[in-house]
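A quick note: this is a predicted structure, and the numbers were derived from the prediction, not measured.
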Amino acid sequence: MTESPLPHVLARMQTGVMLLESGRPVQAIATFRRAISDQPGLSDGHRLLGIALRVVRDAPGAEDSLRAALALDPTSGPAAYVLAQLLLEAGRAEEALVTILPVSTTAAADVHLLTAKGDALKRLGRLEEARSAYAGAATAAPESAAAAHNLASIDGDLDDLEASEAAARRALALGLDAPETWLVLARALVGLGHAVEAEAAYRAAIARRSDDVVAQAELAQLVWMRTGDIGAAAAALDLAIGLHPRLQVLALKKAELLQSAGDTNGALAAIAAAVAADEAEPMTHVMAARLVMAREPARALGHARAAVSLSPNHRLAQGALCEAHLASGDPAAAATIASRMRATAPLDQHFIGLLATAWRLLGDPRYRRLYDYEGVVQVAMIDVPNGWRSLDTFLADVSADLARLHAFRTHPVGQSVRHGSQTTRRLSRVADASIQAFFQAADGAIRRHIAALGPGDDPVRARVCSDYRFNGEWSVRLPPGGYHTSHLHPRGWLSSACYISLPRAVAAGEGGWLKFGEPGVPTAPQLAPEHFVKPEPGMIVLFPSYMWHGTTAFSGDGARLTVAFDVVPSTEALN
């Protein structure tokens, strides 16, 4: 333990604290340094100096002082907490965790130490461990609204929406009226199917912070999915844009909403002022490029180049530039960009898909290695899970349980679905027995496909290992006229479509089929689909996540109900 302060040193430290609290950090630093000069072995002196140096943004000096405090007293929770906060601010989560672990496991660990531990673990993607730390913090300080909020947030991240709602309501009841807490509550309510309450929570969030872009965008999406009324969906965004005209991301969110609703001209108008501004941001040019790419590829190329010039390492800007080259008839330039970006992030399925498209346009034989439909696409029937006597009875039960989850009138923003609905909660978190049994029913087909792939050095086989895990599961319901635009899954490895129930039009060959190979971006010349799969109830199709895929529209009556998911190798971290 650190030594006790001498009386005159203690007086100096108290003076330093008063100076710091009164907004005079420079004088406080000088006072703390005199105290340390008189008694160098005093841990608290180094800790207080570190706090003062952090206030004046001298991060290296603050870190040195805090590490000196911990060297003198390794059990100093206050020093470890401040140092961990400093390291987290610098993006050094692993070091923050190393700093906080020794003191967070002692009996003296308080809400602050446990919260810092949770923050570090969350930054590292170790969400279950972070949840345990936040739960410990909430237990240590049951009257802490902030601790309840943190628990609500991590429960939301883990899709434990019932727990997230309860913790968020507890934080609000304890007096925390922050927009972030209302946002966490709104998200939980959306996933639980309480759309009216969710809308009220989103409105509470933006009433407290009108420039909360995330809350504004999610409110707009919720109203759109509930009503299909684009004017109602954009109303709150319009008010926010009027209040914050220089906040370009609000205009971008409106453009995304209008684009998803099929109003390309409206989307362009929404960002016109932002694009023309001298300080136009990279994403503004990215959006402009994608909106005009199909009809004005040269203009799209100009916007994409502007985005890259503003932020050369911006992956979305580089993606837009790659796509603009494809639309402009320059696949060689597109291939160069896609190859370079793939080298920096080999698992990014988007750039694999763009590279494959460029190779197809170039007639490069490497394209067929990636789009080897016979070798990397599997069509099979799912198994009958335990507890059901036949596949038909199982599918009937799954269909009924999924129907209750499809409460929205139209599609979400930024997804491939058009004129249909998509569930908002991970299916693995839905308690219905049939939905949980679906994962057992699909497991055999997934494992057989992985085994059949075998080893190799291509982007699919190079990731084969002995096990897998899900990285997102959802359901889509398409009514007549509904379809999926051609798309890929940037964060997957293997993706899927499993058919639960189908309209008569599909069996009659009148639409609703799965198609592969048609790019989801404009190309010159235009590329057609290469491969079709006729769906059947109980059929599962597994394919590489980088493959462009969509569906054909259908007419008549009845709905096309599917379950889809992405899986990644169990040896890889989820992203």
For this session: Scan residues 307-329 for pairs that pass salt bridge (Lys or Arg N to Asp or Glu O under 4.0 Å), counting only residues two or more places apart or in two chains.
Result: Arg290-Glu323, Arg315-Asp348
With the threshold set at 4.0 Å, does a side-chain nitrogen-carboxylate oxygen contact exist between [X] and [Y]?
X      : Y      : value
Asp383 : Arg448 : yes
Glu165 : Arg187 : no
Asp159 : Arg425 : yes
Arg426 : Asp160 : no
Glu256 : Lys253 : yes

Would you call [X] and [Y] a side-chain contact if the rule is heavy atoms closer than 4.5 Å?
X      : Y      : result
Asp458 : Asp372 : no
Glu180 : His149 : yes
Glu63  : Leu87  : yes
Ser164 : Val184 : yes
Leu370 : Pro459 : yes
Leu222 : Tyr202 : yes

Donor-acceptor pair between [X] and [Y] side chains, under 3.5 angstrom:
X      : Y      : answer
Thr284 : Gln248 : yes
Thr410 : Trp224 : no
Asp443 : Tyr468 : yes
Glu536 : Tyr499 : no
Tyr134 : Asp119 : yes
Ser416 : His484 : yes

In Å and rounded to the nearest 0.5 Å, what is the [atom1] to [atom2] distance from [X] to [Y]?
X      : Y      : atom1 : atom2 : value
Thr99  : Arg92  : OG1   : CZ    : 8.5 Å
Asn313 : Thr344 : CG    : OG1   : 8.5 Å
Asn471 : Ser495 : CG    : OG    : 9.5 Å
Leu354 : Gln349 : CG    : CD    : 11.5 Å
Asp263 : Lys254 : CG    : NZ    : 9.5 Å
His325 : Leu361 : NE2   : CG    : 13.5 Å

Is there a donor-acceptor contact under 3.5 Å from the side chain of [X] to the main chain of [Y]?
X      : Y      : answer
Ser311 : Val308 : no
Arg299 : Ala289 : no
Glu518 : Ala528 : no
Arg360 : Tyr367 : no
His314 : Ala317 : yes
Arg560 : Gly512 : yes
Asp364 : Arg366 : yes
Ser328 : Ala324 : yes
Asp467 : Pro569 : no
Thr552 : Gly511 : no

Please report the closest heavy-atom contact between [X] and [Y], naming both atoms and the distance.
X      : Y      : value
His487 : Thr485 : ND1-O, 2.8 Å
Pro297 : Ala327 : CB-O, 3.7 Å
Ala130 : Gly118 : CB-O, 3.6 Å
Leu542 : Ser496 : CD2-CB, 3.7 Å
Ala220 : Leu237 : CB-CD1, 3.9 Å
Ser104 : Leu114 : O-CD2, 3.9 Å

Exercise. Between Trp548 and Leu527, is a side-chain contact (heavy atoms from CB on, under 4.5 Å) present by the stated rule, with each step listed?
Worked result: CA-CA 11 Å; Trp548 296 112; Leu527 296 174; over 6 Å; no
Excluding sequence neighbours, so at least two apart, what forms side-chain hydrogen bond (donor to acceptor under 3.5 Å, both in side chains) with [X]?
X      : value
Arg368 : Glu530
Arg305 : none
Lys122 : Ser153, Asp157

Exercise. Should Leu183 and Glu218 be marked as a side-chain contact (heavy atoms from CB on, under 4.5 Å) after you check the CA-CA gap, both sets of side-chain angles, and the distance that decides it?
Worked result: CA-CA 9 Å; Leu183 177 61; Glu218 292 183 12; 3.7 Å; yes
For this session: Before giving the answer on salt bridge (charged side-chain N to carboxylate O under 4.0 Å, His left out), spell out for Asp566 and Arg491 the whole-Å C-alpha distance, their side-chain angles and the decisive distance to 0.1 Å.
Result: CA-CA 8 Å; Asp566 289 335; Arg491 298 186 301 160; over 6 Å; no
For this session: May I have the step-by-step check of side-chain contact (heavy atoms from CB on, under 4.5 Å) for Leu347 and Glu572, ending in yes or no?
Result: CA-CA 10 Å; Leu347 303 185; Glu572 297 175 5; 3.7 Å; yes
Exercise. What about the rings of Phe516 and Tyr371, do their centers lie closer together than 6.0 Å?
Worked result: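 For Phe516 and Tyr371, the ring centres are not under 6.0 Å apart.
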Exercise. With ring centroids as reference points, do His549 and His531 lie under 6.0 angstrom apart?
Worked result: no
Problem set entry | Intermediate values then yes/no, side-chain contact (heavy atoms from CB on, under 4.5 Å), Phe438 and Glu473 | CA-CA 11 Å; Phe438 170 81; Glu473 326 87 33; over 6 Å; no
Problem set entry | Listed partners of Ala251 passing side chain to side chain contact (heavy atoms under 4.5 Å, CB included), at least two apart |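 By the side chain to side chain contact (heavy atoms under 4.5 Å, CB included) rule, Ala251 matches Ile271.
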Problem set entry | More than 12 heavy atoms from other groups under 6.0 Å of CD on Glu374 | no
For this session: Write out all pairs satisfying side-chain hydrogen bond (donor to acceptor under 3.5 Å, both in side chains) with one or both partners inside residues 330-343, taking only residues at least two apart or from two chains.
Result: Gln318-Arg340
For this session: Using ring-ring contact (aromatic ring centres under 6.0 Å, His included) as the criterion, point out the one residue from Trp474, Phe470, Trp493 that pairs with Phe565.
Result: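 Among the candidates, only Phe470 passes.
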